[in-house]
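Computed from a predicted structure; not experimentally measured.
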Amino acid sequence: MSAGTLPSFDPRDPLGLDDLLDPEDLAVRDTMRQWAADRVLPHIADWYERGEVPGIRELARELGSLGALGMSLTGYGCAGAGPIQYGLACLELEAADSGIRSLMSVQGSLSMYAIHRFGSEEQKERWLPRMAAGEVIGCFGLTEPDHGSDPAGMRTYAKRDGSDWVLTGRKMWITNGSVAGVAVVWARTDEGIRGFVVPTDAPGFSAPDIKHKWSLRASVTSELILDEVRLPADAVLPEVTGLRGPLSCLSHARYGIIWGSMGAARSAFEAALDYAREREQFGRPIGGFQLTQAKLADMALELHKGVLLAHHLGRRLEAGRLRPEQVSFGKLNNVREAIEICRTARTILGANGISLEYPVMRHATNLESVLTYEGTVEMHQLVLGKALTGIDAFR
């Protein structure tokens, strides 16, 4: 191929990764990017500063109309999209804000996924079509005040009372909790850990919001309190017992994080790139100085390697060959590198980097939560360590 036939170099796609995407993938990406540009970006700094998202239920309905809720699931009003398309949607939403991506992820990859994979046909018919449309928001109750990385120690307990179940306990750091119409709650029983589909209007259920957050401020985060919540026998998810249930849901959600974190990183990188071209010091744009160019080059390397990793794992998921250890590989690498990209971008923007006029500090603080939710750095390191050595170091 002669030099004259080469495509031009695109600073925002230096490896030409768009060539890996087919027209349907690009259509999903562009649709989600435009929706985020229209409905999130004009307001996100204000939402973040206020620590609330006015009209979150309307946003959920709009995401439902786009097919973004439970989009990787099939049937029951779900879009049945492939793993790459789901990943691209996560990337574009998190490029706007991690909190908005969390709204979609918890709805589709945790609460809807649990019902779709482990629920009865009646549970699926009752909840999934309305959740796919955004008419009902879901949440997922696993983490507790005293048990996060070790869910086997959970204290929430469900006991049988005649044909009913009675749930008692607390869950913590629950996205969508106070706006949810249904909660998938995991609890200890005499039979092992089971999942329960809990309507949030059930007597004894409450979900007070968690305030004073410095991260994920444009996201609803709640505590779930279950005070002898009585449920009928058919509230239990019938197709799973044990930690395999919630952990498989988390693995599905972590896949979305692998993509989403690269959206936050991309937003920070592009803000730094634009700023470096325009900001002048010592009589020239700061992008003309070697140290700034070195930072931009290193940021671009890690950003696009992370997108390549996400794409590779998506193809493995598509082929039914994605292992949980590989999900840990992606989550550990991509979130860690996304944070470093944000921190480097902040140095390029200088004092402006801490202003909400730019997205960099908002993404950096959000990613501090993404770094530890759905598996801390240490937990993913131990997952990989066990896979590499064959020795379990968890206990």
Side-chain angles (χ1 to χ4, degrees), residues 11-15 17 44 48 87 90-99 101-102 105 213-218 254-277 279 286-287 289-313 326-385:
R12 299 177 191 277
D13 185 18
L15 292 180
L17 297 185
I44 190 61
Y48 191 90
C90 290
L91 188 152
E92 294 302 330
L93 289 185
E94 191 145 355
D97 191 80
S98 299
R101 196 268 306 152
S102 293
S105 292
K213 298 182 298 177
W214 285 112
S215 180
L216 290 180
R217 290 178 56 78
R254 288 165 182 157
Y255 169 76
I257 290 173
I258 294 168
W259 284 90
S261 58
M262 291 296 96
R266 187 193 72 192
S267 177
F269 169 74
E270 291 182 349
L273 180 62
D274 291 341
Y275 191 85
R277 289 166 167 166
R279 173 73 167 179
I286 62 173
F289 291 99
Q290 291 181 359
L291 289 175
T292 302
Q293 289 193 1
K295 291 178 181 181
L296 292 169
D298 287 345
M299 293 161 69
L301 282 173
E302 297 307 325
L303 168 60
H304 296 285
K305 283 194 294 186
V307 176
L308 268 174
L309 173 57
H311 194 279
H312 170 68
L313 296 179
Q326 294 163 345
V327 175
S328 287
F329 194 111
K331 203 262 188 183
L332 176 62
N333 180 80
N334 281 16
V335 180
R336 192 158 60 183
E337 295 305 325
I339 289 178
E340 189 58 35
I341 288 169
C342 288
R343 290 170 178 164
T344 304
R346 213 290 296 169
T347 70
I348 293 175
L349 270 70
N352 284 322
I354 70 169
S355 169
L356 282 176
E357 295 299 315
Y358 298 88
V360 174
M361 184 61 77
R362 175 169 53 80
H363 284 310
T365 55
N366 282 339
L367 285 167
E368 291 292 346
S369 290
V370 181
L371 184 69
T372 55
Y373 74 26
E374 298 185 28
T376 65
V377 167
E378 294 81 2
M379 297 305 292
H380 290 296
Q381 287 173 324
L382 292 179
V383 168
L384 291 174

Exercise. Looking only at heavy atoms, what is the nearest atom pair of Ala272 and Ala345, with distance?
Worked result: CB-CB, 3.8 Å
Exercise. So how far is it from Leu367 CG to Ser98 OG, rounded to the nearest 0.5 Å?
Worked result: 5.0 Å
Exercise. If you look at every heavy atom in Tyr373 and Ser102, which pair is closest and at what distance?
Worked result: OH-OG, 3.1 Å
Problem set entry | Contact list for residues 330-368, test ring pair (Phe, Tyr, Trp, His ring centres under 6.0 Å), sequence neighbours left out | Tyr275-Tyr358
Exercise. Can you list the residues that meet the side-chain hydrogen bond (donor to acceptor under 3.5 Å, both in side chains) rule with Thr372, with sequence neighbours excluded?
Worked result: none
For this session: Can you measure from CG (Leu371) to OG1 (Thr376) and round to the nearest 0.5 angstrom?
Result: 8.5 Å
Exercise. Counting heavy atoms not belonging to Ile354, are there more than 12 under 6.0 Å from its CD1?
Worked result: no
Seminar exercise, completed: Distance col, row Leu91:CG vs Leu93:CG, nearest 0.5 angstrom, shows 9.0 Å
Exercise. Which salt bridge (Lys or Arg N to Asp or Glu O under 4.0 Å) pairs, counting each pair once, include a residue from residues 345-359, with sequence neighbours left out?
Worked result: none
Exercise. So, does Thr347 use its side chain to make a donor-acceptor pair with the main chain of Thr344 at under 3.5 Å?
Worked result: yes
Seminar exercise, completed: Quick note, salt bridge (Lys or Arg N to Asp or Glu O under 4.0 Å) partners involving residues 258-276, not counting sequence neighbours, are Arg12-Glu270, Arg12-Asp274, Glu92-Arg266, Asp274-Arg277
For this session: Can you sort out the partners of Phe329 under ring pair (Phe, Tyr, Trp, His ring centres under 6.0 Å), two or more places apart, ordered by chain and number?
Result: none
Exercise. Which residue pairs satisfy the salt bridge (Lys or Arg N to Asp or Glu O under 4.0 Å) criterion with at least one member in residues 359-380, sequence neighbours excluded?
Worked result: Asp97-Arg362, Arg343-Glu368
Problem set entry | Contacts of type side-chain hydrogen bond (donor to acceptor under 3.5 Å, both in side chains), residue Ser328, not counting sequence neighbours | His380
Problem set entry | For Arg101, all residues meeting salt bridge (charged side-chain N to carboxylate O under 4.0 Å, His left out), sequence neighbours excluded | Glu94
Exercise. How long is the gap from CG on Leu303 to CG on Leu308, to the nearest 0.5 Å?
Worked result: 10.0 Å
For this session: Name all pairs fulfilling the salt bridge (Lys or Arg N to Asp or Glu O under 4.0 Å) condition that reach into residues 290-303, sequence neighbours left out, sorted by first residue then second.
Result: Glu302-Lys305
Problem set entry | Heavy-atom side-chain proximity of Leu356 to Met361 below 4.5 angstrom | no
Problem set entry | Ser369: side-chain hydrogen bond (donor to acceptor under 3.5 Å, both in side chains) partners, not counting sequence neighbours | Ser215
Problem set entry | Where Ile44 and Ala96 come nearest, the two heavy atoms and their spacing | CG1-O, 4.2 Å
Exercise. Do you know the tightest heavy-atom contact between Pro11 and Phe269?
Worked result: O-CE2, 4.0 Å
Problem set entry | Contacts of type side chain to side chain contact (heavy atoms under 4.5 Å, CB included), residue Ala276, not counting sequence neighbours | Ile286, Thr292, Leu296, Ile348
Seminar exercise, completed: Minimal heavy-atom distance between Cys90 and Trp259, with the atoms involved, is CB-CB, 4.3 Å
Distance-only check: which donor-acceptor pairs under 3.5 Å involve side-chain atoms of residues 334-342, not counting sequence neighbours?
unit_1, atom_1, unit_2, atom_2, d
Asn334, ND2, Ile258, O, 3.0
Asn334, ND2, Gly306, O, 3.1

Exercise. Do Val327 and Leu313 touch side chain to side chain, with heavy atoms closer than 4.5 Å?
Worked result: no
